[in-house]
Amino acid sequence: MSIEEKENKKDIYILGIETSCDDTCASVVKNGSVILSSVVSSQDEIHRKYGGIVPEVASRKHIEVIDIMIKEAINKSGIDTSYINAVSVTNRPGLIGSLLVGVGAAKAICYARNIPLIAVNHLKAHIYSNVLAHPNIRGGFIGLVVSGGHSSLYIVDDNYNMELVGQTVDDAVGEAFDKIARYLGLGYPGGPIIDRLSKSGNSGCIDFPRPMINSGDFNFSFSGLKTSLIYRTKKDKKLMHKENIPDLVASFQEAAVDVLVEKTIRACRKYGMDKILVSGGVAANSRLREEFGKRCSSSNISVYIPPLSMCMDNAAMVACLGYYEYLKGNFSSLDVDVYSRTDF
Ligand code: KG4
Ligand code: ZN
């Protein structure tokens, strides 16, 4: 039976579960495109006092709320559990203790209800947040995933096969935002705070380096940019004064955005693509969204970025990817493992 025939046969309901980092997420998605429910229990409040995620605390918190979130997602979806055709869950990459909680819950449901388990890659799921938001997107594009743990560029072919063509050689871009915010005492997570403060700053005030912009490959580096800001503020202490913070962080943000947009567009040209899909938590950044929009329209490239709610970790993107794997019959065994790092 072709994918199209299967699609027409009957409605498919996928329960998605996402616990790869510090958010406990569950969602029910119908036919890979209709979000019936999507709930997130954020741990930001808890990790804020440490200035970053504490893995052991994250996994313990997931255990406390996972059942509640799954029940809430099913209740809000308006369907009975017996309608769920399969459970799709993130099993890689991520924090091992956190991944184990979501995968354990998914396995228990699949075993008890005798339905298929679909273990998926978190980064691939981020790319599918765009498929969920723009259901008419076809394969054949460059995918940029920018989050707290990753800054990765993929070529995605017509059949959605993905090849990694570039990634960060040190810090992920979201990690650099978070570390700079912590250094400046601005709070956690740093990305949204820097984004907000930058709106009242002059992004041309400090000329930060654009690391690896002309490296000739598609890798990124954000650790040097972070060090450059720290070095500049140690040399000139008044940059840290409250009234100068917006200029400082706006200039930092501008350098990061410039490298991401420039290298992604170059990858698009090199691989003969005309579409870019941007996803991950940092895709919520207002300057990144604006700059991709501007530079892609002048380069005749279409750019797709999900709505803000789908940029951050969520289980709807996991359920959406799970739907396409379901149609292909790509199921996982009940002894599937979890992995902190992995390619597809
Ligand atoms: O995808 P995500 O929710 O979790 C991971 O898989 O890492 O991304 C979280 C990251 C954090 O580093 C956060 O600071 C960053 O996304 N982030 C932003 C913005 N909103 C979230 N970075 C820049 N600008 C934003 N508006
Ligand atoms: Zn993520």
Side-chain angles (χ1 to χ4, degrees), residues 16-25 27 38 40-44 47-48 51-53 55 58 62 89-95 98-99 102 120-130 132 143-152 167-168 171-184 186-199 201 203 220 222 225-226 249-250 252-261 277-292 305-318 320-321 340-342:
I17 299 176
E18 159 63 47
T19 61
S20 66
C21 195
D22 61 336
D23 291 322
T24 319
C25 321
S27 167
S38 180
V40 179
S41 170
S42 164
Q43 301 181 10
D44 281 356
H47 299 286
R48 188 163 286 145
I53 295 162
H62 282 309
V89 63
T90 302
N91 79 324
R92 64 197 192 277
L95 302 170
S98 293
L99 288 165
V120 303
N121 182 308
H122 179 73
L123 302 176
K124 195 167 178 180
H126 266 304
I127 291 178
Y128 271 73
S129 63
N130 262 309
L132 190 55
L144 173 70
V145 183
V146 272
S147 70
H150 301 273
S151 314
S152 308
Q167 60 186 328
T168 181
D171 288 355
V173 61
E175 186 182 355
F177 272 87
D178 293 340
K179 285 179 175 170
I180 286 302
R182 184 166 59 189
Y183 169 70
L184 297 172
L186 300 175
Y188 172 85
I193 300 169
I194 289 180
D195 189 355
R196 182 171 39 79
L197 287 170
S198 296
K199 290 191 189 346
S203 62
F220 302 105
F222 294 102
L225 177 57
K226 178 193 69 190
V249 295
F252 165 82
Q253 175 178 273
E254 197 64 17
V257 165
D258 194 18
V259 179
L260 287 170
V261 176
L277 271 64
V278 189
S279 54
V282 183
N285 184 270
S286 56
R287 262 306 282 150
L288 187 77
R289 297 170 85 92
E290 183 181 39
E291 204 53 21
F292 259 120
I305 311 180
L308 296 188
S309 61
M310 276 197 246
C311 289
M312 310 306 169
D313 286 349
N314 65 85
M317 66 186 191
V318 174
C320 174
L321 169 54
S340 59
R341 298 168 67 90
T342 173

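In what follows, every heavy atom counts, from backbone to side chain, and hydrogens, waters and symmetry copies are set aside. Order of listing sets the numbers, starting from 1, for every ligand and every atom in it.
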Q: State the CG-OG distance between L132 and S279, to the nearest 0.5 angstrom.
A: 12.0 Å
(Q) Between ligand 1 and C21, can you find any atom pair, the residue atom being a heavy atom, that is separated by under 4.0 Å? (A) no
(Q) Tell me whether H122 reaches ligand 1 (any heavy atom closer than 4.0 angstrom to a ligand atom). (A) yes
Q.
I need the atoms of ligand 1 closer than 4.0 Å to a non-hydrogen atom of G149, numbered in the order shown.
A. 7 (O)
Q. Once you round to the nearest 0.5 Å, how far does SG of C320 lie from CG of N130?
A. 10.0 Å
Q. Do H126 and D313 have side-chain heavy atoms sitting under 4.5 Å apart?
A. yes
Q: Name the closest protein heavy atom to atom 15 (C) of ligand 1, giving the residue it belongs to and the distance to 0.1 Å.
A: V282 CG2, 3.9 Å
Q. How close does the nearest protein non-hydrogen atom get to atom 3 (O) of ligand 1, and which residue and atom is it?
A. D313 N, 3.1 Å
Q: Could you check S129, C311, P306 and say which one makes a side chain to side chain contact (heavy atoms under 4.5 Å, CB included) with M317?
A: S129
Q: With rounding to the nearest 0.5 Å, note down the distance linking OG in S41 to CG in D23.
A: 8.0 Å
Q.
Quick check on the 6.0 Å ring-centre criterion: do F177 and F222 meet it?
A. no
Q: Using atom types as modelled and distance alone, determine if a side-chain donor or acceptor of E18 lies under 3.5 Å from a backbone N or O of C25.
A: no
Q. If you measure every N/O of G191 against every N/O of ligand 1, is any gap under 3.5 Å?
A. yes
(Q) Under a 4.0 angstrom heavy-atom cut-off, which atoms of ligand 1 come close to G148? (A) 5 (C), 7 (O), 8 (O), 9 (C), 10 (C), 12 (O)
Q) If you count the atoms of ligand 1 from 1 in the order shown, which ones are under 4.0 Å from a heavy atom of G174? A) 12 (O)
Q.
Using side-chain contact (heavy atoms from CB on, under 4.5 Å), reason through H122 and L99 one step at a time and then give a plain yes or no.
A. CA-CA 10 Å; H122 179 73; L99 288 165; over 6 Å; no
Q | Whether H62 side chain and C21 backbone form a donor-acceptor pair below 3.5 Å | A | yes
Q. Quick one: does N285 get an N or O within less than 3.5 Å of an N or O on ligand 1?
A. yes
**Q.** Side-chain donor/acceptor of N91 to backbone N/O of V89, under 3.5 Å
**A.** no
(Q) Angle at the Zn ion (ligand 2), OD1 of D313 to NE2 of H126, rounded to 10 degrees, please. (A) 90°
Q. Looking only at N/O atoms, are G281 and ligand 1 under 3.5 Å apart anywhere?
A. yes
Q | Per-atom contacts of ligand 1 with M312, taking only distances under 4.0 Å to non-hydrogen atoms | A | 3 (O), 20 (N), 21 (C)
Q. Which one holds for D195 and ligand 1: side chain close, backbone close, both close, or neither close, with close meaning a heavy atom under 4.0 Å?
A. side chain
Q: Quick one: look at D178 and ligand 1, take heavy-atom pairs under 4.0 Å, and tell me if it's side chain, backbone, both or neither.
A: side chain
Q: Have a look at ligand 1 and work out which part of H126, if any, has a heavy atom under 4.0 Å from it: side chain, backbone, both or neither.
A: side chain
(Q) Under 2.8 Å from the Zn ion (ligand 2), can any N, O or S atom of H122 be found? (A) yes
